[in-house]
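Everything on this sheet refers to the single structure shown next.
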Protein chains: 2
Amino acid sequence: MEANPLIAALQASGHRITRQRRVVLEVLEGSQEHLDAEALYQKARQRSPRISLATVYRTVAVLKQMGLVAEYSLGEEHGHFETVTEAPHYHFTCLGCGQVVEFDAPQVVLAIQELAEREGLEVRAVQFSLTGYCVQCRAGGRDDR
Amino acid sequence: MEANPLIAALQASGHRITRQRRVVLEVLEGSQEHLDAEALYQKARQRSPRISLATVYRTVAVLKQMGLVAEYSLGEEHGHFETVTEAPHYHFTCLGCGQVVEFDAPQVVLAIQELAEREGLEVRAVQFSLTGYCVQCRAGGRDDR
DNA sequence: TTGTAAATGAGAATCATTTGCAATAACGCG
DNA sequence: CGCGTTATTGCAAATGATTCTCATTTACAA
């Protein structure tokens with residue numbers, strides 16, 4: 001009955017579908033970038049001007065706990081959000097230009113599985129991210145260590 | 001001239017050796033655990049009662065930037081600090097009991113090197129941590145998902 | 001249509017961390 | 001050793017991100 005699968009999932013899990021949740025989800029889906037709470041808020045605002053930042057946080061929290069959205073602490077600073085896709089991937093953030101490079105790392109996934117098995121751990125969340133300088137910034141001599 | 005290598009390094013890089021820096025370093029070295037700023041502050045206080053939390057943060061910031069100390073965001077919460085050792089290692093934090101399991105993952109190191117080479121990146125920092133449930137907590141039935 | 005519990009908006013509250021500034025102290029130099 | 005310069009400190013106030021409180025609104029099952 002519901003076109004959007006994320007909305008459907010939300011609904012199926014017994015949550016109410018409000019205009020603001022719908023908007024946050026749409027913004028999240030309609031953007032390739034990794035938005036932080038403020039950016040999400042600004043974008044959501046364009047469609048639902050009365051939405052509050054608190055609601056953005058609350059919505060993202062629900063989605064996160066349902067596993068529909070993931071939170072990353074890219075550079076260091078504050079959190080960034082992204083809808084979860086089939087293929088897990090990780091991020092490299094350039095300290096020079098802020099550019100985010102996504103990459104996958106099957107070896108890392110394997111290493112985790114192995115570790116979990118060996119130690120009897122049940123891994124629920126993986127945080128793996130790199131920071132440094134990208135090709136351009138290295139070349140640009142902008143070596144502001 | 002200075003017994004402690006970390007102190008020596010600090011000094012060599014042109015920083016002044018103050019009582020508080022010495023104390024923070026000693027506390028950091030003398031503890032296997034991953035202390036957060038507040039814990040560091042409390043421990044440092046025992047030896048140097050007038051030290052302030054701000055100084056702890058400032059000291060750790062200097063050490064971090066020199067690469068002598070690393071910061072981790074174990075569970076999610078706030079930062080934890082640890083002196084850097086030869087062998088890089090990572091952390092698994094149990095959501096049930098809070099226990100931190102350290103592990104190494106040479107495959108991860110390799111994966112990073114490979115990626116860096118392929119993409120021309122200069123990796124300065126790696127953030128890799130896992131959360132989930134440990135053997136005990138899984139067994140304990142305390143499946144508070 | 002209506003009742004009720006969930007969700008929202010607005011702003012206050014919280015928490016970790018940072019900063020401004022005057023007082024203090026390290027350490028290179030004479 | 002005694003000084004002066006300048007980094008460092010302590011304190012308290014500021015900040016930034018996120019969470020909470022509570023009165024009001026709204027989704028949705030009946």
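Residue numbering restarts at 1 for every chain, and letters A, B, ... go by the order of the sequence lines.
The distance between atom CZ of B:Arg21 and atom C1' of D:dG10, rounded to the nearest whole Å, is 14 Å. The nearest whole Å value for the distance from the OH atom in A:Tyr57 to the C1' atom in C:dC15 is 13 Å. Distance, A:Leu10 CG to C:dA6 C1': 13 Å, rounded to whole Å. Look at CD on B:Glu38: it is 8 Å from P on C:dA16, rounded to the nearest Å. Remark: P of D:dA17 and CG of A:Asp36 are 8 Å apart, rounded to the nearest angstrom. A:Gln65 places its CD atom 11 Å from the P atom of C:dA7, with the value rounded to the nearest Å. With rounding to whole Å, A:Lys64 atom NZ is found 12 Å from D:dT19 atom C1'. Rounded to whole Å, the distance from CD1 on A:Ile51 to C1' on C:dA7 is 11 Å.
Contact check for B:Phe128 versus B:Val108: side-chain heavy atoms found under the 4.5 Å cut-off. Counting heavy atoms from C-beta outward, B:His80 and B:Glu33 have side chains that stay 4.5 Å or more apart. Between A:Leu130 and B:Gln127 there is no side-chain heavy-atom pair separated by less than 4.5 Å. Counting heavy atoms from C-beta on, the side chains of B:Glu119 and B:Glu114 never come closer than 4.5 Å. Within the 4.5 Å cutoff, the side chain of A:Arg50 has no heavy atoms near those of the A:Gln20 side chain.
Aromatic ring centres of A:His89 and A:Phe103 lie farther apart than the 6.0 Å criterion allows.
Side-chain nitrogen and oxygen atoms of B:Ser52 include none within less than 4.0 Å of the OP1 or OP2 phosphate oxygen of D:dT9.
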Report all interatomic pairs (protein N or O, nucleotide N or O of nucleotides 12-16 of chain D) with separations under 3.5 Å.
none

Give me, pair by pair, the N or O atoms of the protein and of nucleotides 25-27 of chain D that are less than 3.5 Å apart, along with how far apart they are.
from   : atom 1 : to      : atom 2 : distance (Å)
D:dA27 : N3     : A:Arg16 : NH1    : 3.1

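Among the heavy atoms of the strands lying under 4.0 Å from B:Ala37 are primed sugar atoms or P, OP1, OP2 only; no base atom is included.
At a cut-off of 3.5 Å, with distance as the only test, a side-chain donor of B:Glu82 or B:Tyr72 sits close to an acceptor on the other residue. There is a side-chain donor-acceptor pair under 3.5 Å between A:Glu29 and A:Asn4. Of the N and O atoms on the side chains of A:His78 and A:Glu71, not one donor lies less than 3.5 Å from an acceptor on the other residue.
In this structure, the nucleotide among D:dC11, C:dG9, C:dC27 sitting nearest to the side chain of B:Arg58 is D:dC11.
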